[in-house]
Amino acid sequence: MQVLYEDNHLIVVNKAPGEIVQGDKTGDKPLSETVKDYIRERYGKPGNVFLGVVHRLDRPVSGVVLFARTSKALARLNALFADHESVHKTYWAIVANRPEQAEGTLVHWLTRNEKTNKAAAHDREVPRSKKAVLDYRLLASSDRYHLLEVTLRTGRHHQIRCQLAKIGCPIKGDLKYGAPRSNPDGSISLHARSLTLEHPVTHTTVSVTAPVPDDRLWQHFES
């Protein structure tokens, strides 16, 4: 586990692909418990350690995850994240198909299939759909792949994965949304690159950037 930032109120870590943020039916140890163990050992805290989950990343996704170390910070962070303009998150995505435009804004209406845990993007509003908006720009290209930077304006289930697939640019390794083959480690090439927000207690600006996974293609693009 890589700690990117910590103080008495917050801790930010770089999630590895394949880790789950919170416990689920798999029974695998979640990142939240690993962070609790770290706090318990580092600060010599006996008994239960408080840790609030502020947001999540899909299991095959890597990058910045923020936790609250106090209930006061958790309540304030939840309010900040509910107002999407108060928190700035950027993602990096590797795709095989270059988008028609080097940068743009995608607007779709997403529906969610609970049975398949998959979202679908529609060009217009349909029943039980939610509006999804993101901005993207092309950062770099290699012989076979392209690196996109994505900024979310809304927070929907599988939003980046679904919207990029809708324009013919499924994320590398994302079989669920149309990639032709999986990544060897089961990850998808989507990385929560950075997070900037106002500290919930000190009101200073906190800005954190997560190094990319230990993968040759990722490191090529980062350099």
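Atoms considered below: every heavy atom in the structure, side chains included; atoms not considered: hydrogens, waters and symmetry mates. Keep in mind the model is a prediction, meaning the values are calculated, not measured.
The shortest distance between side-chain heavy atoms of Ile160 and Gln163 does not fall below 4.5 Å. Ile11 places a side-chain heavy atom less than 4.5 Å from the side chain of Val35. When side chains are defined from C-beta on, Pro30 does not count as touching Val21, because their heavy atoms never get closer than 4.5 Å. Put simply, the side chain of Leu197 reaches to within 4.5 Å of the side chain of Leu66, judged on heavy atoms. Looking at Glu103 and Leu138, their side chains never come closer than 4.5 Å, going by heavy atoms from C-beta outward. Put simply, the side chain of His108 reaches to within 4.5 Å of the side chain of Leu106, judged on heavy atoms. A 4.5 Å side-chain heavy-atom check between Lys29 and Asp37 finds at least one atom pair inside the cut-off. In this structure, Thr70 and Leu74 have side chains that are not in contact, with every pair of non-hydrogen atoms separated by 4.5 Å or more.
Between Asp58 and Arg161, at least one side-chain nitrogen of the basic residue sits less than 4.0 Å from a carboxylate oxygen of the acidic one, meeting the salt-bridge criterion. Salt bridge annotation for Glu222-Arg193: present, with a cationic side-chain nitrogen under 4.0 angstrom from a carboxylate oxygen.
Residue pairs that meet the side chain to side chain donor-acceptor pair (under 3.5 Å) test with at least one member in residues 132-142, sequence neighbours left out, are Thr105-Asp135, Asp135-Arg153, Arg137-Glu149, Ser141-His146. For the side chain to side chain donor-acceptor pair (under 3.5 Å) condition, the pairs that include at least one residue of residues 121-130, sequence neighbours left out, are Thr111-His122.
Under the 3.5 Å distance criterion, the side-chain polar atoms of Lys72 are left unmatched by any main-chain donor or acceptor of Arg76. Looking only at distances, a side-chain donor or acceptor of Asn113 sits under 3.5 Å from a matching main-chain atom of Thr116. Although no hydrogens or angles enter the test, the distance criterion places a donor-acceptor pair under 3.5 Å between the side chain of Lys176 and the main chain of Asn117. His158 places no side-chain N or O within 3.5 Å of a backbone atom of Arg112 that could act as its donor or acceptor partner. Judged purely by atom type and a 3.5 angstrom limit, Arg59 uses its side chain to pair as donor or acceptor with the backbone of Gly18. Between the side chain of Asn97 and the main chain of Gly168, a donor-acceptor pair closer than 3.5 Å is present. In this structure, the side chain of Glu41 does not engage the main chain of Tyr38 through any donor-acceptor pair within 3.5 Å. Remark: side-chain polar atoms of Lys172 are not paired, donor with acceptor, to backbone N or O of Ala179 under 3.5 angstrom. Looking at Thr202, its side chain never comes within 3.5 Å of a backbone N or O of His199 through a donor-acceptor pair.
Interatomic distance, Ile20 CD1 to Ser32 OG, rounded to the nearest 0.5 Å: 8.0 Å. In this structure, OG1 on Thr209 lies 8.5 Å from CG on Leu4, to the nearest 0.5 angstrom. Interatomic distance, Tyr177 OH to Lys118 NZ, rounded to the nearest 0.5 Å: 6.5 Å. The CG atom of Asp174 lies 13.0 Å from the SG atom of Cys169; values are rounded to the nearest 0.5 Å. Summarising the geometry, atom CD1 belonging to Ile171 is positioned 10.5 Å from atom CG belonging to Asn183; distances are rounded to the nearest 0.5 Å.
For Ser71, the side-chain hydrogen bond (donor to acceptor under 3.5 Å, both in side chains) test picks out no residue, with sequence neighbours left out. Partners of Thr90 under the side-chain hydrogen bond (donor to acceptor under 3.5 Å, both in side chains) rule, at least two apart in sequence or in another chain, are Ser194. In this structure Phe81 satisfies the ring-ring contact (aromatic ring centres under 6.0 Å, His included) test together with His55, sequence neighbours excluded.
Linking Ile, Leu, Val, Met, Phe, Trp and Tyr whenever their side-chain heavy atoms come within less than 4.5 Å leaves Phe67 and Tyr5 in two separate clusters. When the side chains of ILVMFWY residues are joined at heavy-atom separations under 4.5 Å, either directly or via intervening members, Leu152 and Ile188 end up in a single hydrophobic cluster.
Contact record, Arg69 with Asn8: CB-O, 3.7 Å, taken as the closest heavy-atom pair.
Side-chain contact of Thr154 with Gln159: a donor-acceptor pair under 3.5 Å is present, judged by distance alone.
Through direct or indirect side-chain contacts shorter than 4.5 Å among Ile, Leu, Val, Met, Phe, Trp and Tyr, Leu139 is connected to Trp92, Ile94, Tyr145, Leu147, Val212, Leu217, Trp218, Phe221.
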Side chain to side chain contact (heavy atoms under 4.5 Å, CB included) evaluation trace for Val87 with Leu77: CA-CA 9 Å; Val87 179; Leu77 287 169; over 6 Å; no

Candidate pair Tyr43 and Glu6, rule side chain to side chain contact (heavy atoms under 4.5 Å, CB included), full reasoning: CA-CA 12 Å; Tyr43 298 101; Glu6 63 179 307; 2.6 Å; yes

Steps toward side chain to side chain contact (heavy atoms under 4.5 Å, CB included) verdict (Leu148, Val95): CA-CA 8 Å; Leu148 304 180; Val95 299; 4.0 Å; yes

Evaluation steps, side chain to side chain contact (heavy atoms under 4.5 Å, CB included), between Thr151 and Leu134: CA-CA 6 Å; Thr151 303; Leu134 64 77; over 6 Å; no

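The local environment of CG in Asp24 is crowded, with over 12 non-hydrogen atoms from other residues, nucleotides or ligands closer than 6.0 Å.
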